[in-house]
Amino acid sequence: ISAVPGPVTARVCCPARHGYAVEVSPFFPGRVACVASQYYGIAGCGTLFVLDETDSGISLVRSWQWGDGLFDVGWSETNEHVLVTGGGDGSLQLWDTANHNAPLRVAKEHTQEVYAVDWSQTRGENLIVSGSWDHTAKVWDPAFSRSLSTLKGHEGVIYSTIWSPHIPGCFASASGDGTLRVWDVKGAACRLAIPAHKTEILSSDWCKYDQNIVATGSVDCSVCVWDLRNVRQPVNQLQGHTYAIRRVKFSPFTKTVLASCSYDFTVRFWDYSRNQPLLDTVEHHTEFVCGLDFNLSCVLGMFWECSGNVLGMFWE
């Protein structure tokens, strides 16, 4: 753990691990989960880290090892101690920060890597969705006895699955087939398929303030913002990255602001409502930037991200 000058207030480094995803706790704004893998997830094991941001820097709450790479993480919206991760062995793991040793439960139905997990945010449901390289998305009850449904339709790897924060039983998925799909869990059906990019889509996110707005980030170096009521063309196409975009996240504070991170080592902030949408570019990384999230407690926009062997960077 080292403090650095400038906008970055603290960082956590872990040699021989590559950070893949970072997620801020919805209960403790200073707590964050990071997942990382050895050898870029091609071989070796994975690690889940839970970190706390304190006045003196970043402290490690707990870490766990998994026998294969870990690629995504999500916090429970009903229990402040519980997380879900997705692994390279096709399994999902449920973890409890009060449990020092093994995961609470493990579910393995996917036949290839689980690259995306997300926990539902709407009231009245408590569900997990996973997306896999086997081209399927699965919906789970946290009991993990078996999946509640398996949703098929993508013709490529699923890189992103994200619940709507507004509509119960609705999630979006983004795939290597270039499409963004919106799914109805109750009907177990795809309600909308958008040919959003001509290349692989690596990330998607819902706007926190508008149930019709979704963003996608692609290998074509662009972020597209879509209005699901009219998908003939994007509301805006945000260009500036020079390599594939690995993650997009809408701001929890401002309706039209979002962030993106890329294999070009940068993080960029955008306001898609502007004619000149690029707000800022941050270039403090020396490796691929794979994960990012907003801290929920500060309107100034405290921010976490991960890249290379830097598991967490915390800055304003």
Side-chain angles (χ1 to χ4, degrees), residues 20-21 71-72 86 112-118 129-137 151-164 170-183 190-208 210-251 256-279 281 288-292:
Y20 268 93
F71 298 116
D72 203 10
Q112 295 187 49
E113 290 90 334
V114 176
Y115 222 65
V117 292
D118 194 36
V129 63
S130 59
S132 171
W133 285 19
D134 66 10
H135 302 187
T136 70
L151 299 154
K152 300 179 180 179
H154 280 296
E155 298 177 358
V157 169
I158 295 179
Y159 288 107
S160 173
T161 51
I162 186 82
W163 289 103
S164 167
C170 177
F171 72 90
S173 61
S175 169
D177 63 14
T179 67
L180 171 73
R181 291 176 180 259
V182 178
W183 303 86
C190 176
R191 297 303 184 193
L192 185 63
I194 305 168
H197 297 263
K198 294 181 180 179
T199 57
E200 291 188 304
I201 306 173
L202 303 185
S203 183
S204 61
D205 195 33
W206 291 85
C207 176
K208 309 300 187 289
D210 189 330
Q211 67 179 17
N212 297 302
I213 299 296
V214 180
T216 53
S218 172
V219 170
D220 66 12
C221 309
S222 74
V223 176
C224 286
V225 180
W226 300 92
D227 187 327
L228 301 181
R229 295 165 297 187
N230 182 3
V231 297
R232 290 182 185 144
Q233 61 184 21
V235 175
N236 205 336
Q237 186 173 31
L238 313 177
Q239 296 181 315
H241 283 292
T242 56
Y243 284 97
I245 294 166
R246 185 61 187 85
R247 192 84 62 168
V248 293
K249 270 288 176 74
F250 271 101
S251 167
T256 57
V257 170
L258 66 158
S260 59
C261 65
S262 167
Y263 291 150
D264 65 9
F265 306 169
T266 71
V267 176
R268 294 173 191 255
F269 294 90
W270 314 85
D271 184 337
Y272 74 82
S273 67
R274 299 187 179 189
N275 290 330
Q276 299 294 326
L278 183 62
L279 300 176
T281 302
F288 299 154
V289 192
C290 292
L292 56 84

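Heads up: numbering here begins at 1 and tracks the sequence.
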In terms of heavy-atom contacts, does CZ of Arg191 have more than 12 from other residues, nucleotides or ligands at under 6.0 Å? yes
Could you measure the distance from the CG atom of Asp205 to the CZ atom of Arg247? Nearest 0.5 Å is fine. 9.5 Å
In the structure I gave you, are the side-chain heavy atoms of Val219 and Tyr159 within less than 4.5 Å of one another anywhere? no
Using side-chain heavy atoms (C-beta onward) and a distance below 4.5 Å, is Val182 in contact with Cys170? yes
Using side-chain heavy atoms (C-beta onward) and a distance below 4.5 Å, is Leu279 in contact with Arg274? yes
Mutual orientation of the aromatic rings belonging to Phe288 and Phe265 [parallel < 30°, tilted 30-60°, perpendicular > 60°]: tilted
Ser130/Val117 under side-chain contact (heavy atoms from CB on, under 4.5 Å): CA gap, chis, key distance, verdict: CA-CA 4 Å; Ser130 59; Val117 292; 4.3 Å; yes
Would you say Ser260 and Val248 make side-chain contact, with heavy atoms under 4.5 Å? yes
How close do Ala244 and Leu202 get, heavy atom to heavy atom, and via which atoms? CB-CD1, 4.1 Å
Quick one: does any side-chain atom of Asp264 pair with a main-chain N or O of Thr242 as donor and acceptor, under 3.5 Å? yes
Search all heavy atoms of Lys249 against all heavy atoms of Leu292 and return the closest pair with its distance. CB-CD1, 3.3 Å
Spacing of CG belonging to Asp177 relative to CD1 belonging to Ile201, to within rounding of 0.5 Å: 7.5 Å
Note: Pro234 and Trp226 closest approach over all heavy atoms is N-CZ3, 3.5 Å
Quick one: pull up NE2 in His241 and OG in Ser218 and give me the separation to the nearest 0.5 Å. 12.0 Å
Let me confirm one number: the CH2-CD distance from Trp133 to Gln112, rounded to the nearest 0.5 Å. 8.0 Å
I'd like to check the side-chain hydrogen bond (donor to acceptor under 3.5 Å, both in side chains) partners of Gln237; sequence neighbours left out, ordered by chain and number. Ser222
Under the side chain to side chain contact (heavy atoms under 4.5 Å, CB included) test, residues paired with Asp118 that sit two or more places apart: Val129, Ile162, Trp163
Looking at CG of Asn212 and CH2 of Trp206, how far apart are the two atoms once the value is rounded to the nearest 0.5 Å? 8.0 Å
Any side-chain heavy atom of Arg246 sitting closer than 4.5 Å to one from Val289? no
Does Gln239 CD have over 12 foreign heavy atoms under 6.0 Å away? yes
Are the side chain of Thr199 and the backbone N or O of Asp220 linked by a donor-acceptor pair below 3.5 Å? yes
Atom of Leu238, atom of Leu258 and distance for their closest heavy-atom approach: CD1-CD2, 4.0 Å
Where do Ile194 and Val231 come nearest, in terms of heavy atoms and distance? CD1-CG1, 3.5 Å
side-chain hydrogen bond (donor to acceptor under 3.5 Å, both in side chains) with Ser204: which residues, sequence neighbours excluded? Ser160
Within a strict 4.5 Å, meaning less than it, do heavy atoms of the Arg181 and Ser175 side chains meet? no
Could you tell me how the ring of Tyr115 sits relative to the ring of Tyr20: parallel (under 30°), tilted (30 to 60°) or perpendicular (over 60°)? perpendicular
Is Ser262 reaching over with its side chain to a backbone N or O of Tyr243, donor-acceptor style, under 3.5 angstrom? yes
So Trp270 and Val225, do their side chains get closer than 4.5 Å, heavy atoms only? no
Is there side-chain contact between Leu278 and Arg268, with at least one heavy-atom pair below 4.5 Å? yes
Smallest separation among heavy atoms of Cys290 and Tyr263, with atom names: SG-CE2, 4.1 Å
His135 NE2 to Leu151 CG distance, which is reported to the nearest 0.5 Å: 15.0 Å
